[in-house]
Amino acid sequence: MARTKIKDILLREETGYETTVKGWVRSFRNNQFIALNDGSCMNNLQVVIDLNTDSTLVRMITPGAAVAITGTVLPSQGKGQKVELKASEVTLLGACNPEEYPLQLKNRPSLEYLREIAHLRFRTNTFGAVFRVRHSLAFAIHKFFNDRGFVYLHTPIVTASDAEGAGETFRVTTLPFDHPPRLEDGSVNFEEDFFGRSTNLTVSGQLEAELGAMAFSEVYTFGPTFRAENSNTARHLAEFWMIEPEVAFNDLKDNMDLAEAFIKYLIGYSLEHNREDLEFLAQRLLEEEKQKPQQERSEMGLIEKLEFVLNHQFERITYTEAIEILLQSPAYKKKKFQYDVKWGIDMQSEHERYLVEKHFKKPVIVTNYPAAIKAFYMRQDDDCAPGRETVAAMDILAPGIGEIVGGSQREERLERLEQRMKDMHIPVEEMYWYLDTRRFGTVPHAGFGLGFERIVQFVTGMTNIRDVIPFPRTPKNAAF
RNA sequence: UCCUCCUUAGCUCAGUUGGUUAGAGCACCUGACUGUUAAUCAGGGGGUCGUUGGUUCAAGUCCAACAGGGGGAGCCA
């Protein structure tokens with residue numbers, strides 16, 4: 001008999017039909033009640049087996065074991081569920097030695113411990129919910145852009161340019177690391193390497209996305225990104241996924257509108273399609289926060305927070321206004337900030353958190369940062385006072401996780417771009433392909449990068465980024 | 001990379017001022033019971049106290065280094 005997904009049985013709420021389910025045992029009570037989960041949804045299906053079932057088979061029904069069960073769906077006699085499956089045939093597909101299996105429903109394994117058994121953690125309620133939401137968000141990203149006529153562009157994972165200076169790179173090579181071919185001056189001869197030049201894993205697909213935008217008008221990338229920085233935080237990974245839309249003819253305001261609509265769409269999509277999972281995650285978060293002192297607890301529950309963000313305009317302020325707010329803040333006057341505030345500084349986490357969590361209490365888009373602290377490709381603002389040169393940058397800061405989006409209108413004027421690159425010691429000749437877009441039919445355009453795991457964190461409420469990617473890669477950790 | 005805290009049973013954690021044989025709950029095993037909901041009840045087994053070195057008559061406990069992890073910071077998405 002064809003397998004029915006547990007989600008469909010629970011959704012149907014109909015009874016009296018015969019069917020087959022397959023899944024993994026979460027718990028087995030009373031030698032009679034199996035809580036069965038097949039990952040299709042949060043909830044388990046209660047399977048009731050006959051008391052006369054062969055006792056050697058009954059002994060094999062243990063947490064983690066895989067079973068196939070045929071039976072009739074009936075209204076449940078118990079209180080915890082509407083329907084249950086009365087088994088007529090139970091088949092053990094895969095046994096699971098309970099002495100060795102580390103996941104038992106009645107244990108309360110910590111997130112840190114589950115990270116060590118990441119190959120099994122999908123089978124827990126928490127990670128089941130997190131990764132169903134992650135899937136939903138990934139799908140919603142494609143849907144959002146597809147519905148708006150964007151072309152999904154696959155930018156390369158192996159690249160030769162580190163021109164953007166977005167971070168430390170992982171080198172890609174087939175040269176023998178113990179005796180690489182060398183030039184006369186002792187440096188490694190990359191001409192003998194696989195690609196005939198020094199290559200690394202991509203740190204961003206943006207520059208290539210810009211090339212696509214100059215033909216398709218609107219493109220987006222969504223792929224793995226690699227940074228070899230020795231960052232040990234709850235919001236950094238060495239391998240993560242990034243979404244980078246790039247739109248011709250858009251200016252900074254269009255860019256903000258797109259980013260805000262995008263984030264709200266993702267939240268709305270998840271609220272609509274992952275209600276059960278989000279409710280579970282909200283409950284989990286609530287339990288976790290009970291451990292914290294009152295003042296550190298968040299004011300809103302997870303779902304309230306998502307609905308709040310969905311229903312309120314993001315605050316939009318310039319960098320200059322942000323600095324002004326910080327300078328006027330009680331926190332600044334009481335010298336609560338560890339780092340000083342003045343125009344020109346790169347804002348520290350404490351400053352961003354003050355703006356987002358204390359002052360505005362909602363996502364904030366900060367624009368027009370000082371040119372000196374931003375990347376070469378950002379469009380230089382006109383009519384700046386001397387010493388106050390800014391660029392058309394925008395960062396979206398979200399409560400709890402900080403910068404979730406970084407983007408800008410791009411510098412489309414060839415001379416100004418070349419001059420800026422020279423000032424910042426970026427090899428102009430090597431970047432001829434990038435500059436060609438400014439030579440051949442250049443237009444104003446804008447785009448941004450959104451860290452996928454950060455939006456998954458925001459939506460699921462998971463505080464550590466390592467818990468929203470299946471197999472996290474971080475310094476000293478590439479297990480599984 | 002820096003600051004800080006942590007590492008004791010499969011898991012979550014106690015462990016007093018350095019002092020006899022290392023504790024609990026859950027999990028696991030054995031048995032009982034059977035419309036349970038993290039099932040319940042009775043009994044049982046389970047430890048190189050992260051690793052290495054040091055101080056001491058004596059170290060889970062004090063010191064150092066290293067490893068791993070948490071929280072914070074930097075860098076960023």
Side-chain angles (χ1 to χ4, degrees), chain A residues 26-35 43-52 58-59 62-64 74 76-81 84 86 96-117 120 124-125 164-168 203-206 224-244 259 291-292 296 338-339 346-353 373-375 395-398 401-407 448-458 463-469 474-477 479:
Chain A
R26 283 289 175 83
S27 76
F28 186 37
R29 294 181 293 269
N30 246 355
N31 278 358
Q32 202 182 353
F33 301 98
I34 300 171
N43 286 320
N44 303 322
L45 176 69
Q46 169 149 293
V47 175
V48 187
I49 66 165
D50 200 284
L51 283 169
N52 302 322
V58 169
R59 292 168 63 87
T62 59
L74 296 171
S76 180
Q77 293 176 38
K79 288 212 172 94
Q81 56 285 314
E84 62 192 20
K86 177 78 178 148
C96 182
N97 184 342
E99 277 185 86
E100 291 172 19
Y101 188 58
L103 294 174
Q104 305 288 343
L105 189 63
K106 283 176 77 170
N107 278 349
R108 303 280 97 169
S110 60
L111 294 175
E112 292 80 22
Y113 171 69
L114 290 170
R115 220 173 281 152
E116 291 169 21
I117 51 166
L120 298 172
T124 63
N125 285 339
E164 201 199 339
E168 295 296 311
V203 292
S204 163
Q206 181 204 313
T225 311
F226 305 87
R227 306 267 168 98
E229 259 127 33
N230 192 10
S231 298
N232 293 286
T233 78
R235 55 189 187 285
H236 287 89
L237 291 165
E239 176 185 287
F240 63 100
W241 289 65
M242 188 153 64
I243 301 106
E244 295 174 292
Q291 316 290 321
K292 292 187 193 169
E296 285 177 33
Q338 194 188 332
Y339 294 88
D346 206 351
M347 278 192 278
Q348 305 293 317
S349 311
E350 58 175 354
H351 305 137
E352 296 181 346
R353 291 181 68 158
I373 58 169
K374 286 292 182 183
D395 282 2
I396 301 186
L397 311 176
I401 43 177
E403 185 180 339
I404 196 166
V405 162
F448 60 85
L450 177 136
F452 183 50
E453 283 75 18
R454 292 203 179 160
I455 192 82
V456 180
Q457 271 190 281
F458 186 76
T463 49
N464 196 312
I465 200 165
R466 299 167 190 201
D467 296 329
V468 299
I469 189 166
T474 54
K476 308 274 183 233
N477 188 354

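Lettering follows sequence order; numbering is per chain, from 1.
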Legend entry - Arg466(A), nearest nucleotide to its side chain (from U34(B), G74(B), G70(B)): G70(B)

Inset, instruction - Could you pick out which residue, Ser27(A) or Pro109(A), lies toward the 5' side of RNA chain B when each is mapped onto its nearest nucleotide? - result: Pro109(A)

Legend entry - Student check: side-chain heavy atoms of Glu244(A) and Phe448(A) closer than 4.5 Å: no

Inset, instruction - Return no unless some side-chain N or O of Asn464(A) is found under 4.0 Å from OP1 or OP2 of G70(B). - result: yes

Inset, instruction - Write down the distance between NZ (Lys86(A)) and P (U36(B)), rounded to a whole number of angstrom. - result: 14 Å

Inset, instruction - Write down the distance separating the P atoms in A22(B) and G60(B), rounded off to the nearest Å. - result: 10 Å

Inset, instruction - Identify whether the distance between the nearest side-chain nitrogen and carboxylate oxygen of Asp346(A) and Lys374(A) falls below 4.0 Å. - result: no

Legend entry - P-based separation of C49(B) from U8(B) [nearest Å]: 11 Å

Inset, instruction - Sugar-phosphate means primed atoms, P, OP1 and OP2; the rest is base. With that split, encode nucleotides 43-49 of chain B 5' to 3' as B, S or - using protein heavy atoms under 4.0 Å. - result: -------

Inset, instruction - Send over the distance from Asn52(A) CG to G35(B) C1', rounded to a whole Å. - result: 15 Å

Inset, instruction - Would you kindly check whether a donor in the side chain of Ser231(A) faces an acceptor in the base of C75(B), or vice versa, at under 3.5 angstrom? - result: yes

Inset, instruction - Tell me, with the steps shown, if Thr225(A) and Arg227(A) meet side chain to side chain donor-acceptor pair (under 3.5 Å). - result: CA-CA 7 Å; Thr225(A) 311; Arg227(A) 306 267 168 98; over 6 Å; no

Legend entry - Rounded C1' spacing from C63(B) to G18(B) in Å: 13 Å

Legend entry - P gap between G54(B) and A59(B), integer Å: 12 Å

Inset, instruction - Could you tell me the separation between the CZ atom of Arg26(A) and the P atom of A27(B), rounded to a whole number of Å? - result: 17 Å

Legend entry - Options C75(B), G70(B), A73(B), nucleotide nearest the side-chain atoms of Glu229(A): C75(B)

Inset, instruction - Kindly say whether, by distance alone, the side chain of Asn232(A) makes a donor-acceptor pair under 3.5 Å with the base of U1(B)? - result: yes

Inset, instruction - Could you tell me the separation between the CZ atom of Phe240(A) and the C1' atom of C75(B), rounded to a whole number of Å? - result: 12 Å

Inset, instruction - Please check the phosphate of U30(B) (OP1 and OP2 only) for any side-chain N or O of Arg59(A) closer than 4.0 Å. - result: yes

Legend entry - Any side-chain heavy-atom pair of Ile49(A) and Phe28(A) under 4.5 Å: yes

Legend entry - base_contact_polar (U36(B) base, Gln81(A) side chain, donor-acceptor, <3.5 Å): yes

Inset, instruction - Scan Tyr339(A) against the nucleic acid and name what it touches under 4.0 Å (heavy atoms): base, sugar-phosphate only, or nothing. - result: sugar-phosphate

Inset, instruction - Whole angstrom is fine here: how far is it from NE2 in His351(A) over to P in A73(B)? - result: 12 Å

Inset, instruction - Please measure how far the C1' atom in A67(B) lies from the corresponding atom in C26(B), and state the result in whole Å. - result: 29 Å

Legend entry - Span that lies between the P atom of U37(B) and that of U61(B), in whole angstrom: 43 Å

Legend entry - Given C75(B), G70(B), U36(B), the nucleotide with the shortest approach to the side chain of Glu112(A): G70(B)

Inset, instruction - Just call it for Ile404(A): base, sugar-phosphate, or nothing, with non-hydrogen atoms closer than 4.0 Å on any strand. - result: sugar-phosphate

Inset, instruction - Could you tell me the separation between the CD atom of Glu403(A) and the P atom of A73(B), rounded to a whole number of Å? - result: 15 Å

Inset, instruction - Indicate, with a heavy-atom threshold strictly under 4.0 Å, whether Glu100(A) touches base, sugar-phosphate, or nothing. - result: nothing

Legend entry - Under 4.0 angstrom between Arg29(A) side-chain N/O and U36(B) OP1 or OP2: no

Legend entry - Quiz item: Glu84(A) side-chain donor-acceptor pair to G35(B) base, under 3.5 Å: yes

Inset, instruction - Evaluate the side-chain proximity of Asp395(A) to Val405(A): yes if any heavy-atom separation is below 4.5 Å, no if none is. - result: no

Legend entry - Atom pair distance, as rounded to whole Å: CD1 in Ile373(A) and C1' in C76(B): 13 Å

Legend entry - Side chain of Gln104(A) - closest among C28(B), C75(B), A39(B): C28(B)

Legend entry - Arg227(A) side-chain proximity, nearest of C76(B), A73(B), G35(B): C76(B)

Inset, instruction - Have a look at Lys476(A) and say if it touches a base, only the backbone sugar-phosphate, or nothing, with a 4.0 Å heavy-atom cut-off. - result: sugar-phosphate

Legend entry - Most 5' of Gln46(A) and Ser110(A) on RNA chain B, judged by nearest nucleotide: Ser110(A)

Inset, instruction - Could you provide the dot-bracket string of RNA chain B, using ( ) for intrastrand pairs, [ ] for crossing pairs and | for bases paired to another strand, with Watson-Crick or G-U pairs below 3.5 Å? - result: (((((((..((((.....[...)))).(((((.......))))).....(((((..]....))))))))))))....

Legend entry - Audit row: Gln46(A), Arg29(A), side chain to side chain donor-acceptor pair (under 3.5 Å) steps and yes/no: CA-CA 10 Å; Gln46(A) 169 149 293; Arg29(A) 294 181 293 269; 3.2 Å; yes

Inset, instruction - Could you tell me whether the side chain of Ile401(A) reaches within less than 4.5 Å of the side chain of Arg235(A), counting heavy atoms only? - result: no

Inset, instruction - Select one nucleotide: of A73(B), C76(B), U34(B), the one nearest the side-chain heavy atoms of Arg353(A). - result: A73(B)

Inset, instruction - Pick the P atom in G50(B) and in A9(B), then give their distance to the nearest Å. - result: 8 Å

Inset, instruction - Verify the contact: side-chain N or O of Asn230(A) to OP1 or OP2 of U1(B), cut-off strictly under 4.0 Å; return yes or no. - result: yes

Legend entry - Rounded distance (Å) that lies between atom P of G72(B) and atom CD1 of Ile465(A): 13 Å

Legend entry - For Phe452(A), ring pair (Phe, Tyr, Trp, His ring centres under 6.0 Å) partners two or more places apart: Phe222(A)

Inset, instruction - Assign Pro98(A) to base, sugar-phosphate, or nothing according to its heavy-atom contacts below 4.0 angstrom with the strands shown. - result: sugar-phosphate

Inset, instruction - Evaluate the side-chain proximity of Ile404(A) to Leu397(A): yes if any heavy-atom separation is below 4.5 Å, no if none is. - result: no

Inset, instruction - Under 4.0 Å between any heavy atoms, over every strand shown, what does Ser349(A) touch: base, sugar-phosphate, or nothing? Just pick one. - result: sugar-phosphate

